[in-house]
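Structure record follows, encoded as structure tokens.
Residue numbers count from 1 along this sequence.
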Amino acid sequence: MRLQSPQFQALFTPGLRSVAEMFEKKNYELRIAGGAVRDLLSGMTPQDVDFATTATPAEMKEMFTSAGVRLINNKGEKHGTITARLHEQNFEITTLRIDVVTDGRHAEVEFTTDWEKDAERRDLTINSMFLGLDGMLYDFFNGYEDLKNKKIRFVGKATERIQEDYLRILRYFRFYGRIAEKPGVHESSTLQAIKDNAKGLAGISGERIWVELKKILLGNHVNHLVQLMYELDIAQYIGLPLDGDLEEFARVTKNVQNLCPKPMTVLTSLFKGKDDITNLDLRLKISKEEKNLGLFLMKHRQELTKAVGPEPLKPYQDVIMDSREANTNSKICELLKYQGEDQLLQELQQWTVPSFPVSGHDLRKMGMSSGKEIGAALQQLRDEWKKSGYHMDKEELLSCLKKL
């Protein structure tokens, strides 16, 4: 098969043309690899484009340096990756590799010129394809067929792929949520391999797990996938509570559909108490902002609800107005998503936080001089302003003060 889609043609910037020319001159093969191929075949524009080549890192360095091309970020070199910068664009190019030794987290690699051997060490069939710069597809493991059928399969034997890097268990779930059409269409041998190797996730760093988990939480079929994580004994190794509230999770995943929630908003529905968030943080090293959002949702999810009457949003506005924190507004938006209050969410997003119209200066002009007296009067006026739904203006408030 030869791909000639507009998305594919759009990749050919002056930078890529220059890179392609250099590789061609030296007779090194250069192809697009992995996720970018998957995206292009799905008719999408890839966010990142990775390249694979038969040239070794040393050969690439020599070629680029002698052409005066700037090389950046040499950290990837020992794994075979060189990053070249041409025409204001970075090109990440990796030598074909074979994993020699793997420990379930990292691999020691050996370079090769065999494209199939490199494809064999990749995680899923849909991520194991290459695309020549002429549009020719190189697909050793029926990845394109799986992509068209929306099937997620490991390359070769699931157990072997998982034991090379246990994080692949979560990558399986992530891509299932991204590609599969329906929940629950898994090969039983794959699920068995995942269950047998779930414990391996205990050795994977929290940061790497959190990156994958956040993407799962924002993908499709999230309710099904998290239920499956509990069935396959994965939850305990990735910081989730042993007795997660799966009923609440099912309810909230329905509520947040199409509302673009933050991952933490979805995940908090599994938690029954503060300890669950503390344990998640210990395992996954979540950010302070994520932790605070979880605690905020847990505190307010039940008792903070819309008011009966003409101003249903008022209880939420009151929390924002009473708060001294800058991001309370965005936390309340997440709470409304959690509760499935999409209409109120729209109203809140259009609402501008009003400024209290009276100052101490106004009260001094009325003859007040004691700081204590001014402070007490301002508080009284603020309460009146709050009762009015923040509608009263300065004059109304000051005339109200005379009555008080």
Side-chain angles (χ1 to χ4, degrees), residues 102-107 123-124 127 152 154 158-180 183-184 186 190-253 256 261-295 297-298 338:
T102 57
D103 64 0
R105 286 187 297 178
H106 313 289
D123 54 2
L124 305 166
N127 295 337
I152 305 300
F154 283 102
T159 299
E160 286 176 19
R161 291 296 80 76
I162 290 168
Q163 287 175 356
E164 285 162 359
D165 181 357
Y166 291 104
L167 192 69
R168 286 175 170 177
I169 290 174
L170 295 185
R171 283 177 63 80
Y172 173 85
F173 287 121
R174 162 152 71 99
F175 283 104
Y176 192 94
R178 187 163 160 184
I179 305 286
H186 306 272
T190 300
L191 296 186
Q192 192 57 52
I194 287 173
K195 187 169 187 172
D196 292 345
N197 289 283
K199 198 175 181 180
L201 282 163
I204 300 291
S205 80
E207 290 87 343
R208 288 181 76 208
I209 287 173
W210 188 219
V211 167
E212 291 298 327
L213 187 54
K214 281 192 278 195
K215 289 175 182 171
I216 293 166
L217 290 165
L218 299 184
N220 298 322
H221 319 306
V222 58
N223 183 39
H224 157 69
L225 292 171
V226 170
Q227 300 260 3
L228 198 53
M229 286 182 193
Y230 275 90
E231 285 167 32
L232 300 176
D233 294 333
I234 291 167
Q236 59 180 313
Y237 300 114
I238 60 171
L240 301 185
L242 281 174
D243 61 341
D245 192 338
L246 291 167
E247 269 181 48
E248 175 77 347
F249 189 77
R251 195 179 67 77
V252 171
T253 49
V256 298
K262 291 183 176 175
M264 200 64 196
T265 303
V266 184
L267 192 58
T268 301
S269 60
L270 269 182
F271 303 148
K272 294 176 181 174
K274 284 182 185 176
D275 285 356
D276 292 339
I277 293 184
T278 306
N279 293 335
L280 180 86
D281 185 29
L282 286 170
R283 176 67 183 99
L284 302 188
K285 316 274 190 297
I286 63 176
S287 72
K288 193 175 174 186
E289 189 190 330
E290 287 162 340
K291 186 176 182 179
N292 287 342
L293 174 60
L295 292 168
L297 293 171
M298 196 175 277
Y338 185 105

query: Mind checking whether L293 and K262 have side chains closer than 4.5 Å, heavy atoms only?
result: yes
query: Which residues satisfy the ring-ring contact (aromatic ring centres under 6.0 Å, His included) test with H221, sequence neighbours excluded?
result: Y176
- prompt: Restricting to pairs with a member in residues 274-283, which pass salt bridge (Lys or Arg N to Asp or Glu O under 4.0 Å), not counting sequence neighbours?
  reply: D281-K291
Note, H186 side chain near H224 side chain (heavy atom, < 4.5 Å): yes
message: Quick check for you: to the nearest 0.5 Å, what is the distance between I194 atom CD1 and I234 atom CD1?
response: 6.0 Å
Nearest heavy atoms of L284 and I238, plus distance in Å: CD2-O, 3.5 Å
message: Holding to side-chain hydrogen bond (donor to acceptor under 3.5 Å, both in side chains), I want the full list of residues that pass it with D196, two or more places apart in sequence or in another chain.
response: Q192
query: salt bridge (Lys or Arg N to Asp or Glu O under 4.0 Å): which pairs involve residues 238-249, sequence neighbours left out?
result: D243-K272, E248-R251
field: Residues in side-chain contact (heavy atoms from CB on, under 4.5 Å) contact with L246, at least two apart in sequence or another chain
entry: V226, Q227, Y230, L270
query: How about L213 and L240: do any of their side-chain heavy atoms sit closer than 4.5 Å?
result: yes
query: How many angstroms lie between CG in L191 and CG in L228, if you round to the nearest 0.5 Å?
result: 5.5 Å
Side chain to side chain contact (heavy atoms under 4.5 Å, CB included) evaluation trace for N220 with R178: CA-CA 6 Å; N220 298 322; R178 187 163 160 184; over 6 Å; no
- request: Could you tell me whether the side chain of V266 reaches within less than 4.5 Å of the side chain of V252, counting heavy atoms only?
  value: no
message: I'd like to check the side-chain hydrogen bond (donor to acceptor under 3.5 Å, both in side chains) partners of N197; sequence neighbours left out, ordered by chain and number.
response: Q163
task: Give, for atom CG of L295 and atom OG1 of T268, the distance between the pair rounded to the nearest 0.5 Å.
output: 8.5 Å
query: What do the steps show when you test L170 against V211 for side chain to side chain contact (heavy atoms under 4.5 Å, CB included), and what is the final call?
result: CA-CA 10 Å; L170 295 185; V211 167; over 6 Å; no
- request: Scan for salt bridge (Lys or Arg N to Asp or Glu O under 4.0 Å) pairs involving residues 210-221, sequence neighbours excluded, and state none if there are none.
  value: R171-E212, R174-E212, K214-E290
message: Nearest 0.5 Å, please: how far is CG in L267 from OG1 in T253?
response: 12.0 Å
query: If we only count heavy atoms from C-beta on, is the D123 to Y172 side-chain gap below 4.5 Å?
result: no
task: For residues I209 and Y237, report the shortest heavy-atom separation together with the two atoms involved.
output: CD1-O, 4.2 Å
field: From F154 atom CZ to T190 atom OG1, the distance as rounded to the nearest 0.5 Å
entry: 6.5 Å
task: Only counting residues at least two apart or in another chain, list the ones meeting ring-ring contact (aromatic ring centres under 6.0 Å, His included) with F173.
output: none
task: Go through the structure and list residues passing salt bridge (charged side-chain N to carboxylate O under 4.0 Å, His left out) with E160, not counting sequence neighbours.
output: none
- request: Grab the two heavy atoms, one from F271 and one from P241, that are nearest each other, plus how far apart they are.
  value: CE2-CD, 3.6 Å
- prompt: Can you pull the salt bridge (Lys or Arg N to Asp or Glu O under 4.0 Å) pairs that have at least one residue in residues 217-239, sequence neighbours excluded?
  reply: none
message: Once rounded to the nearest 0.5 Å, what's the spacing between atom NZ of K195 and atom CD1 of I169?
response: 12.5 Å
Qualifying residues under side-chain hydrogen bond (donor to acceptor under 3.5 Å, both in side chains), relative to T265, sequence neighbours excluded: E334
message: Measuring only between side-chain heavy atoms, which start at C-beta, is P261 closer than 4.5 Å to Y338?
response: no
